[in-house]
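I have placed the structure first, in the form of structure tokens, so that the comments after it can refer back to it.
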Amino acid sequence: MTAEPSLAVTVTQLMKGVVYRDTHDRAWRSLLEFQPQARDYVGVLGLQIVIDEAEGYAFCRQRDPEPDDPDPLPRLIPRRTLSFPVSLLLALLRKKLAEFDAGGDQTRLMLSREQIAETLRVFLPPSSNEARLADQIDAHIGKCADLGFLRPVKDSGQQVFEVRRILKAFVDGQWLADFDARLADYLREVSE
């Protein structure tokens, strides 16, 4: 028996975080059915709902206040400042996701911890302490997982992560287009 769609379930799940089609079946179906009501409901709070049906995710985003508004609403969804290595890792993962989408017919990009570490290691300053560098890389991967951009997947003994497609909404194509130039500048600075 399938539970009835519910506006309360939809809005509650959206307020808790990202709603994924593959993991939040009831909330996803409710969102699609009650989309106008859900948009109106969260709109009162200064939020907007972003839905990507093709990729299968939805989330709330804070609306930008009107420049002439004398009394703007306080931010309900906090902004998070990311460290440079975490930002770099997110950009590298987004680039891998774009390459994956361009070259394959599969829908889920799976990367081992070692693959992610090697991707990031190229851009980190050399270190004589490999154990410390590995711990730092694990911390960066963990932060990306905490933010919801990576999801650990149970595998045969190897640490594997799914790169979540919501990353596309936060690291957009325009930024990615300039990414190679930014990396070249960074590598030049690190080597000097």
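What's counted below: heavy atoms across the whole structure, side chains too, no hydrogens, waters or symmetry copies.
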Test item: [X] and [Y] side chains (from C-beta on) under 4.5 Å apart, heavy atoms:
X: His140; Y: Ile116; answer: no
X: Lys143; Y: Pro85; answer: no
X: Leu111; Y: Val160; answer: no
X: Leu109; Y: Lys96; answer: yes
X: Val18; Y: His24; answer: no

Take Lys168 and Asp101 through the salt bridge (Lys or Arg N to Asp or Glu O under 4.0 Å) test and state the conclusion after the steps.
CA-CA 11 Å; Lys168 291 173 135 182; Asp101 287 345; 3.1 Å; yes

[X] [atom1] to [Y] [atom2] distance, which is reported to the nearest 0.5 Å:
X: Leu93; Y: Ile141; atom1: CG; atom2: CD1; value: 8.5 Å
X: Ser87; Y: Leu92; atom1: OG; atom2: CG; value: 10.5 Å
X: Ile137; Y: Thr119; atom1: CD1; atom2: OG1; value: 10.0 Å
X: Arg113; Y: Glu118; atom1: CZ; atom2: CD; value: 8.5 Å
X: Glu33; Y: Thr10; atom1: CD; atom2: OG1; value: 8.5 Å
X: Tyr57; Y: Ile51; atom1: OH; atom2: CD1; value: 11.0 Å

For residues [X] and [Y]: do they belong to one hydrophobic cluster (side chain heavy atoms under 4.5 Å, members Ile, Leu, Val, Met, Phe, Trp, Tyr)?
X: Tyr20; Y: Met110; answer: no
X: Val11; Y: Phe34; answer: yes
X: Phe84; Y: Leu167; answer: yes
X: Trp28; Y: Val9; answer: no
X: Leu147; Y: Leu120; answer: yes

Contacts of type ring pair (Phe, Tyr, Trp, His ring centres under 6.0 Å), residue Phe59, not counting sequence neighbours:
Phe170

Can any side-chain N or O of Thr23 pair as donor or acceptor with the backbone N or O of Val19 at less than 3.5 Å?
no

Check side-chain hydrogen bond (donor to acceptor under 3.5 Å, both in side chains) between Glu130 and all other residues, then give those that pass, not counting sequence neighbours.
Arg121

Report, as yes or no, whether the 6.0 Å neighbourhood of atom CZ on Arg132 holds more than 12 heavy atoms from other residues, nucleotides or ligands.
no

Ignoring hydrogens, what is the shortest heavy-atom contact between [X] and [Y]? Give both atom names and the distance.
X: Leu90; Y: Cys144; result: CD2-SG, 3.6 Å
X: Cys60; Y: Leu14; result: SG-CB, 3.9 Å
X: Arg61; Y: Ala169; result: NH2-O, 3.5 Å
X: Ser30; Y: Ser6; result: OG-N, 2.8 Å

Please tabulate, for side-chain N and O atoms in residues 35-48, each donor-acceptor pair with protein atoms closer than 3.5 Å (sequence neighbours left out).
| unit_1 | atom_1 | unit_2 | atom_2 | d |
| --- | --- | --- | --- | --- |
| Gln35 | OE1 | Arg39 | NH2 | 3.4 |
| Arg39 | NH1 | Ile49 | O | 2.7 |

Test applied, salt bridge (Lys or Arg N to Asp or Glu O under 4.0 Å); reference residue, Glu55; option that passes from Arg165, Arg21, Arg164:
Arg165

